[in-house]
Amino acid sequence: MNNLIPISHELPALGGGQPFRPIEPERMHLRQLLGIILQRAKLGIGVGLVAFLLVLGFFATRTPQYTAVGSVVIDTKAASYASADRQATYLPPDTSAVDTQVEVLRSHALAEMVVRKLKLWNDPEFNPRMRPGMFGMTPAAKPYDNPNPQMVTWIANQLQGRTWIRRAGLTYVVQVGTSSTSPRKAALIANTYLDQYLKRQLDEKLARVMRANRELGLSLEKMRKDAEIAEARVQAYKNANGLMSAEGATMAEQEVSTLNQQLAIARAERAEKYARLAAAQQQLRNGNAGSDVGAALGSATIMEMRKREAELSVKLAQLKTDFTDEYPEVKRVQNQLTDLRGQIQIEINRILSSLRAEAQAAAGRESSLLGSRGQAQGGIASNNQAMVGLVGLQQRSDAAKAIYEAYLNRAKEVAAEGSLQQADATVNSYAAIPTGPSSPNMKLGMALAFLAALIAAGGAMLAAEFWDKHLRSRLDVERELGVPFAGVLPDFRSVKPKGLRGPDAAPAEYLVSHPFSGFAEAFRNLRAFLMISARGDDDGKLIALTSAVPREGKSLTSFCLARTLALSGSKTVLVDCDLRQRGATKILGPKEVGLVEVVQDKVPLSEALVFDEKSGMFILPAAGKSVPYDLFSNPETDEVLRQLCEQFDYVILDAPPILGVADARILAAKADRVLYLVQWNKTPLRAAQSAIDILQECGANVAGALLTKVNVKGQARYGYGDSSDYYGYFKNYYIAAA
């Protein structure tokens with residue numbers, strides 16, 4: 001974006017005052033945003049309505065879908081119905097277990113079971129091949145009895161896309177919902193999902209029971225034979241060693257056997273106690289103060305103290321982040337933590353002392369058993385060797401019988417459980433046939449359509465506003481163009497009284513007939529600007545009015561400005577230099593002699609000038625139909641302009657647009673001052689800036705820029721603070737004085 005003059009560069013001073021400096025950018029405030037919305041309301045309403053209808057139409061044209069919902073409850077206990085007491089084992093409230101069942105319900109295998117149960121491959125809703133072609137040109141496929149696995153997998157994928165599984169909060173209830181174009185079909189599929197899920201659970205349990213029965217049957221026969229062989233060996237050993245012939249010998253042998261068993265246990269217990277004591281002493285030597293001793297770790301008292309210690313440590317850490325170590329609460333918590341750790345250490349020491357006492361007691365018990373066994377062995381020395389062998393045989397026999405009996409009991413329980421198995425879930429509620437469609441949700445559609453309309457309308461208004469920026473205010477002119485602001489000229493249609501008819505309905509005539517109206521006051525403000533911006537000598541008479549593009553009110557502005565200057569007592573002449581459009585001449589009326597005839601045909605200037613009786617100004621029209629080539633580069637034109645400057649106080653040049661006509665550049669360079677016209681909210685910013693750049697290249701003295709055709713009501717909506725913004729305050733004032 002090329003501005004005429006950088007922000008830091010000073011423009012020429014206005015009437016001896018301070019140099020003009022462009023105003024710094026101003027942030028957009030809420031009132032300006034509201035003004036943009038009001039100005040672009042028609043565009044926003046149109047785009048928003050289209051977006052609203054599109055979104056609403058999308059929802060309205062969708063095929064209605066019905067959703068049926070059923071639910072199952074996951075059992076939290078596992079009961080053994082084959083055992084005598086039939087006690088229930090309650091499972092912990094494990095969230096992962098419920099989530100596992102949710103994933104089972106979502107599994108592709110379960111979806112395939114539902115597909116096979118209902119034969120959904122023959123349903124046109126799930127299998128497009130079962131639908132007839134468009135307009136019945138191709139018939140539907142025949143129903144399948146045994147479809148290929150790929151088709152079943154594809155139909156299952158379709159079903160999974162229409163089914164949702166979710167857990168109801170933190171409960172053990174799992175909901176199953178299925179959508180379909182038919183309400184009955186939706187309920188049927190949802191209920192089939194529930195039934196197949198329970199059937200799958202029961203089938204898996206029965207399969208496990210049958211597998212366990214087969215494995216137990218194979219093992220029982222071998223265990224029975226092993227138990228019989230072990231018992232036969234015991235009896236044969238007793239008979240061979242005569243252990244059953246003398247009752248006293250048998251009892252002594254039993255006593256020695258009993259003492260041997262107790263001694264073995266005592267030795268193991270002593271070894272265990274001394275091992276635990278040695279481990280604890282080794283941990284003490286490692287410097288852990290007994291905190292990781294196994295007995296200490298298993299102590300409920302120490303565990304409770306450790307929990308309290310952790311709480312105090314956390315509390316102390318939090319206090320230290322906010323307070324110093326000298327803070328009373330910090331000291332109190334620190335002392336509590338120290339005392340608690342001391343108590344923990346005392347408890348650990350007590351446990352270590354208990355370990356020592358237990359080790360010593362175990363050693364004493366072993367010594368006592370050794371003495372008793374020595375006394376018993378003195379009486380049965382002859383049978384000792386035989387008893388040792390018998391003990392080993394008897395132990396193997398007892399072990400074989402115990403294992404056989406345990407397997408036999410378990411086989412009976414498993415056989416009974418096969419007929420008592422139940423699924424780990426129950427149906428909480430079967431799906432009912434839905435009474436209304438679940439989609440499309442027209443309430444949601446209305447809300448989304450309204451939201452889309454707001455977004456589209458706002459986007460369209462902002463895009464239209466910032467796509468090609470226009471000038472609307474004094475700030476825009478001075479900031480974007482870098483030239484002084486000359487004033488605001490209202491659009492006559494926005495300020496003229498209602499019901500105005502007749503000749504006064506023309507802007508130029510209304511200016512004269514209502515000299516104290518707001519429209520006339522705007523041109524008097526422009527006259528004041530010209531007087532203030534004059535340099536104090538006579539070289540500011542020749543004033544050219546131009547614009548960037550056509551139809552920006554240049555000719556009407558020139559005509560009304562000339563009339564205003566004349567009505568104020570200044571000798572003023574208006575020269576229509578726009579030889580192509582001849583806007584000022586059209587306001588005046590067709591003439592035979594004008595500027596071209598004066599320059600080329602040497603017609604006296606006095607014969608070409610037209611006097612305006614209503615204001616006292618003179619007009620040099622652009623008469624004739626031909627457009628001469630390069631008229632304003634002719635030295636004769638300069639002579640005509642010099643004569644006009646000698647005869648009049650102000651010479652107003654109605655120049656062509658600067659961007660499209662070369663004559664405007666020549667006139668701008670010749671003029672003492674140039675008034676640059678920009679149509680309010682219409683002229684593109686880039687075009688306005690390009691015209692300023694051209695004027696600068698021509699060396700023109702741009703006295704200021706005018707905003708023309710300003711809709712005062714629309715300008716007031718933007719709230720820029722220009723004079724037109726306050727037009728409403730002076731409206732009655734202007735009318736009363738008119």
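Classification of E125 and K185 as a salt-bridged pair holds, one side-chain N sitting under 4.0 Å from a carboxylate O. Under the 4.0 Å criterion applied to side-chain N and carboxylate O atoms, K117 and E112 are not assigned as salt-bridge partners. The residues D654 and R582 are annotated as not salt-bridged, no charged nitrogen and carboxylate oxygen being separated by less than 4.0 angstrom.
Partners of R116 under the salt bridge (Lys or Arg N to Asp or Glu O under 4.0 Å) rule, at least two apart in sequence or in another chain, do not exist in this structure. Judged as a salt bridge (Lys or Arg N to Asp or Glu O under 4.0 Å), and not counting sequence neighbours, R527 has no contacts. Shown here are the salt bridge (Lys or Arg N to Asp or Glu O under 4.0 Å) partners of D578, two or more places apart in sequence or in another chain: K554.
Cation-pi geometry between R162 and F126 is satisfied (NZ or CZ under 6.0 Å from the ring centre, within 45° of the ring normal).
The side-chain contact (heavy atoms from CB on, under 4.5 Å) test with F485 singles out one residue from V477, L706, L475, and that residue is V477.
For F450 and F52, the distance between ring centers is not under 6.0 angstrom.
No side-chain donor-acceptor contact under 3.5 Å links R551 and T683.
Relative orientation of the Y510 and H514 rings is parallel, given thresholds of 30° and 60° on the angle between their planes.
No donor-acceptor pair under 3.5 Å is formed between the side chain of K682 and the backbone N or O of T708.
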